[in-house]
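Report on one structure; see the data block that follows.
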Amino acid sequence: QSRLPEPGVTEVTFETWVRRLELSRRNRLSERSKLWILAAGCFVFAQVCASILIPPGFALTIFSDVTQCILLLSGTAALLPNIARNHGRARLFWILMTLGIAFWLSYQLMWSYIEVVLREEVPQPFVGDVVIFLHFVPMMAALALQPHTHQDDHEARLGRLDFVLL
C-alpha cells in the first residue's frame with residue numbers, strides 16, 4: 001500500500017536534501033563579506049555615538065567627514081570584485097553602480113577637504129552639488145539594465161534605446 005504525503009507536507013528525499021544543502025552553501029556570505037558588513041556596522045554605530053556624545057564643533061566635523069569617506073570608500077571597494085566576476089549586462093550593472101558610489105565619494109572628499117583641511121564653511125552653492133545630484137544617474141541606469149532578466153534580441157535593442165535615452 002502506497003502512502004501519500006499529507007497535504008501541505010512535501011516529501012524530502014536524499015537528493016532534494018543534498019540539493020538544498022548545496023544551494024544554502026552557495027548562498028552563504030564569505031568570511032570576508034561578513035567582516036565588511038561588521039566593519040561598516042561598527043562605523044555607523046560609532047557615528048551615531050559620536051553624534052550624540054561629541055558636542056557640535058570641529059572634532060565632530062572631522063569625525064563625521066572621515067567616517068563618511070571611509071564608508072563610501074569601502075562601499076566602492078566592495079563593489080569592485082563584482083565587476084571582475086560578471087560578464088555582459090551584469091558587469092555593466094556593477095560598473096554603473098560602482099561609478100555612482102565613486103561619484104558620491106568624490107563629492108564627500110571635496111566636502112571634507114573644504115571643512116577639514118581648509119577649515120572653512122562649505123560655500124553655498126557648492127560646485128560638488130552637481131556631482132551629488134548626478135551620482136544617481138549611473139545607479140538608475142544600472143537598475144534600468146535589469147541584469148537578472150532574460151531578454152531576446154528585440155527586447156535587448158529596446159533596452160539599449162531606453163538606456164541611451166536615460
Side-chain angles (χ1 to χ4, degrees), residues 21-151 156 159-166:
L21 184 63
E22 287 173 355
L23 284 174
S24 69
R25 283 185 181 159
R26 208 176 328 153
N27 292 332
R28 287 191 183 153
L29 291 175
S30 67
E31 291 300 315
R32 177 185 248 170
S33 296
K34 290 176 185 176
L35 287 175
W36 276 96
I37 292 169
L38 178 65
C42 288
F43 271 109
V44 170
F45 181 73
Q47 178 63 53
V48 169
C49 291
S51 298
I52 293 169
L53 300 174
I54 300 174
F58 190 63
L60 181 60
T61 299
I62 290 174
F63 187 84
S64 297
D65 285 355
V66 169
T67 300
Q68 290 172 46
C69 287
I70 289 171
L71 285 171
L72 288 167
L73 182 62
S74 68
T76 305
L79 294 179
L80 286 173
N82 292 322
I83 295 171
R85 265 189 249 137
N86 290 286
H87 302 285
R89 287 188 320 158
R91 174 179 261 174
L92 184 56
F93 170 84
W94 288 113
I95 288 170
L96 290 169
M97 291 301 282
T98 305
L99 185 62
I101 299 291
F103 280 171
W104 192 0
L105 173 62
S106 67
Y107 165 82
Q108 186 60 43
L109 288 170
M110 288 187 284
W111 185 280
S112 298
Y113 177 76
I114 292 171
E115 281 192 329
V116 175
V117 177
L118 299 179
R119 293 186 178 207
E120 296 176 0
E121 288 287 323
V122 177
Q124 296 297 330
F126 175 48
V127 69
D129 289 343
V130 173
V131 176
I132 198 68
F133 289 123
L134 291 180
H135 89 279
F136 285 113
V137 173
M139 292 174 156
M140 291 296 116
L143 293 175
L145 285 173
Q146 298 178 349
H148 61 285
T149 61
H150 177 72
Q151 293 179 340
R160 282 192 287 271
L161 177 62
D162 290 342
F163 177 77
V164 169
L165 289 174
L166 182 65

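Note that this is a predicted model, so its numbers are computed, not measured. Sequential numbering from 1 along the given sequence is applied to the chain's residues.
Atom OG1 in Thr98 sits 4.0 Å away from atom CG in Leu79 (nearest 0.5 Å). For the atom pair CG of Asn86 and CH2 of Trp94, the computed distance is 7.5 Å after rounding to the nearest 0.5 Å. Rounded to the nearest 0.5 Å, atoms CG (Leu99) and CG (Leu105) are 11.5 Å apart. One finds the CG atom of Leu118 at 11.0 Å from the OG atom of Ser112 (value rounded to the nearest 0.5 Å). Ile95 CD1 to Asn82 CG: the interatomic distance, rounded to the nearest 0.5 Å, is 11.0 Å. Going from atom CD1 of Ile37 over to atom NZ of Lys34 covers 9.0 Å, rounded to the nearest 0.5 Å.
Residue Tyr113 places its OH atom among 12 or fewer non-hydrogen atoms of other residues, nucleotides or ligands, all under 6.0 Å distant. Atom CZ of Phe136 has 12 or fewer neighbouring heavy atoms from other residues, nucleotides or ligands inside a 6.0 Å radius.
Side-chain contact check for Gln47 versus Ser64: some heavy-atom pair is nearer than 4.5 Å. Using a 4.5 Å heavy-atom threshold, the side chains of Trp36 and Arg32 count as touching. In this structure the side chain of Val66 reaches within 4.5 angstrom of the side chain of Ile62, judged on heavy atoms. In this structure the side chain of Trp111 never reaches within 4.5 angstrom of the side chain of Ile132, judged on heavy atoms. Side chains of Ile114 and Pro123 form a contact here, defined as non-hydrogen atoms less than 4.5 Å apart. Two residues are said to be in side-chain contact when any heavy atoms from C-beta on lie closer than 4.5 Å; Leu143 and Met140 meet this criterion. Phe58 is not listed as a side-chain neighbour of Glu115, based on a closest heavy-atom distance of 4.5 Å or more. Side-chain contact between Leu96 and Met139 is absent, with no heavy atoms from C-beta onward closer than 4.5 Å.
Minimum interatomic distance between Phe93 and Ala142 (heavy atoms only, all atoms of both residues): CD1-O, 3.1 Å. Residues Leu109 and Cys69 approach most closely at CD2-SG, 3.7 Å, considering heavy atoms. Nearest heavy atom pair, residue Pro138 against residue Leu134, reads CD-O, 3.3 Å.
The side chain to side chain contact (heavy atoms under 4.5 Å, CB included) test with Ser106 is passed by exactly one of Ile101, Leu72, Thr76, Val131: Val131. Here the options are Asp129, Val137, Val130, the test is side chain to side chain contact (heavy atoms under 4.5 Å, CB included), and the partner is Phe133; only Asp129 passes.
Classification of the His135-Trp104 ring pair by plane angle, with boundaries at 30° and 60°, yields tilted.
For Glu121, there are no salt bridge (Lys or Arg N to Asp or Glu O under 4.0 Å) partners at least two apart in sequence or on another chain.
Side chain of Arg91 to main chain of Arg85: no donor-acceptor pair is present (N/O by atom type, distance under 3.5 Å, no hydrogens or angles).
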